[in-house]
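All residue numbers in this chain count up from 1 along the given sequence. For ligands, and for the atoms within them, numbers begin at 1 and follow the listed sequence.
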Amino acid sequence: MSNIIWYIIAYLVGGIPFGYLIAKYAAGINIKEHGSGNIGATNVLRVLKQKDPKKAKKLAALTLFLDAFKGAAVVLAAKFAGVCDATLWTLAVLAVIGHCFSPFLKFEGGKGVATTAGVLLVLVPKAVLVALVVWYLMAKYVRISSLSSLTAIIVGIASTYILYPNLSIQSHAPLWIIAFIVIYKHKENIYRLVTGQEKRVV
Ligand code: G3P
């Protein structure tokens, strides 16, 4: 299959707005109009828990899983199909772009954290595991979702360079593009964090 087809698939699959769909069809809520307006698992939990905390937890976990899974699935499928390393990294970027600028939501979308975890799990799994531990500890003890995500992204990048010293030259730019997109999508969160207004997920 030509690389162009893989690029389109990565962007479209990455663009599936699972949080939006889950909130809409499982709870009848337009998640973009509530809470932070994000379509990610945190906002699904934040908004839906007002109705049914137990169900909200399950739906948030499902959102998190599916957002990560779609990224991993695309890169993994391409890897099994024999696509070269440089193209796999491009697919990773496109899946994250798809999630953050979804063609199914008028090019709006999420903040890319779970999808980044999914694509990188296939490419640099050890670094993702370190980032996940950091994310979990931050989420558990600091309980600010955006700060957990941003810390995990930074730790993930640092771990990639430490744990994969022979990383192919083609992977550096994609890695930084992904980090830039995720950080850029958190710009409002960063403003709230700096000004002490970012709320904890209780
Ligand atoms: O992964 C998303 C998280 O970092 C921030 O989400 O809804 O608190 O803006 P939210």
**OP:** For residues L175 and Y161, determine if any side-chain heavy atom of one lies less than 4.5 Å from a side-chain heavy atom of the other.
**Re:** yes
**OP:** Would you check if there is a donor-acceptor pair between the side chains of S102 and E108 at a distance under 3.5 Å?
**Re:** no
Original post:
Is the closest basic N to carboxylate O distance between K70 and D67 below 4.0 Å?
Top reply: yes
Subject >> Contacting atoms of ligand 1, where contact means under 4.0 angstrom from a heavy atom of S146 >> reply: 4 (O)
**OP:** Could you establish whether R46 and ligand 1 come within less than 4.0 Å of each other, counting only heavy atoms on the residue side?
**Re:** yes
Original post:
Regarding K185 and the six-membered ring of F101, is the cationic atom NZ or CZ under 6.0 Å from the ring centre and inside 45° of its axis?
Top reply: yes
Original post:
Near S149, which atoms of ligand 1 are under 4.0 Å from a heavy atom of that residue?
Top reply: 1 (O), 3 (C), 4 (O)
Subject >> atom 3 (C) of ligand 1 - nearest protein heavy atom and its distance >> reply: S145 OG, 3.4 Å
Subject >> For atom 2 (C) of ligand 1, the protein heavy atom that lies nearest, with its residue and separation >> reply: N38 ND2, 3.8 Å
Original post:
Hey, is N189 touching ligand 1 through its side chain, its backbone, both or neither, going by heavy atoms under 4.0 Å?
Top reply: side chain
**OP:** Taking atom CH2 of W135 as the centre, report whether more than 12 heavy atoms of other residues, nucleotides or ligands fall under 6.0 Å from it.
**Re:** no
Subject >> Heavy-atom nearest neighbour in the protein, as seen from atom 9 (O) of ligand 1, with distance rounded to 0.1 Å >> reply: K111 NZ, 2.6 Å
Original post:
Under 4.0 angstrom from ligand 1, any heavy atom of E188?
Top reply: no
**OP:** For V113, counting its heavy atoms only, list the atoms of ligand 1 lying under 4.0 Å from any of them.
**Re:** 1 (O)
**OP:** Would you check the N or O atoms of S36, main chain and side chain alike, for any that come under 3.5 Å of an N or O of ligand 1?
**Re:** yes
Original post:
Heavy-atom distance under 4.5 Å between the side chains of K51 and I29, does that happen here?
Top reply: yes
Original post:
Among side-chain atoms of K111 and N189, is any donor-acceptor pair under 3.5 angstrom?
Top reply: yes
**OP:** Give a yes/no verdict on whether any heavy atom in G40 is under 4.0 Å from an atom of ligand 1.
**Re:** no
Original post:
Do L21 and K24 touch side chain to side chain, with heavy atoms closer than 4.5 Å?
Top reply: no
